[in-house]
Asker: 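This is the structure I want to talk about, given as structure tokens.
Just so you know, ligand 1 is whichever comes first in the structure, and atom 1 is the first atom listed for that ligand.
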Amino acid sequence: MTELVEVGKDGVLARTRAALAAGFRLARDVALPPLCPSCRETLGDGAGLCAECWSKLSLIEPPYCARLGIPFAYDAGPGLLSMEAIADPPAYNRARAAVRYDDVARALVQAFKYGDRLDLAPMLARWMLRAGRELFDGADAFVPVPLHWRRLWARRFNQSAALSGALSQLTTIAVHHDDLARVRATEQQVGLSKSARAENVQGAFRVPDDAKGRVAGRRLILVDDVLTSGATADACARALLRAGAAKVDVLVFARVVAPARSPI
Ligand SMILES: [Zn+2]
């Protein structure tokens, strides 16, 4: 998911504000137990979500499109592709997601991304491990979707890099942090049509010259927190494939899923 956070000359002020907010948060967390980001229930143990909200997360399970990972309404046999995958095939090979991006998943992702809950990364990665099991065999490295440097500076960490690190610990597959660079800040994707999203991220990513040797011939797994239209993942995959990557798969924690559909 991309959204524009321009820092510019107000950056120092924003940083100061963030530091103050973190300080207040620390003071508050010492005084009060943390709350479930989805239902505001008190949490005993920093589990990210309360037990009830965890149980409401909607796991993406087979049957799904072998290419896009979009769930099917019924099982019509292995290896089937969705209409979308045939009509408009992505640059990447396969995409897999742990859960549907619904209200509970959104609350969890937002707590992780904007709420200084970097500690949630191992938990989210364990769900991704389950969803991505078909992708790991023969994979050379995880490649996090990069943030533009201004956004990285404002947010202080790249959520995709944190998820990649946690996945690497679980699988022993390496993380290549510098295989992709975001060479231009992109407009907010929220509210844009599918084609506008694709246009928005076109040319936004590039493999730096000094990374080309690492990318050529490699089987890579691109990692992000949320997959919406797939335009960002597609732009990243295109850049990696142009630099000679042998294959690019995509693994995310949550993906936006339209109402149930049938395989063709
Ligand atoms: Zn809850």
Asker: According to side chain to side chain contact (heavy atoms under 4.5 Å, CB included), who are the partners of P89, at least two apart in sequence or on a separate chain?
Answerer: R67
Asker: State plainly whether the residues R94 and E134 are in salt-bridge range, i.e. N to O under 4.0 Å.
Answerer: no
Asker: Not counting sequence neighbours, which residues clear side-chain hydrogen bond (donor to acceptor under 3.5 Å, both in side chains) with R126? List them please.
Answerer: none
Asker: Any pair with a residue in residues 214-223 that passes side-chain hydrogen bond (donor to acceptor under 3.5 Å, both in side chains), sequence neighbours left out, goes on the list, sorted by first then second residue, please.
Answerer: D179-R214
Asker: Is the NZ or CZ atom of R106 both under 6.0 Å from the centre of the six-membered ring of Y101 and within 45° of that ring's axis?
Answerer: yes
Asker: Report the protein N/O/S neighbours of the Zn ion (ligand 1) that fall below 2.8 Å; do not count waters.
Answerer: C36 SG, C39 SG, C50 SG, C53 SG
Asker: M123, V226: one ILVMFWY side-chain cluster at the under-4.5 Å cut-off?
Answerer: yes
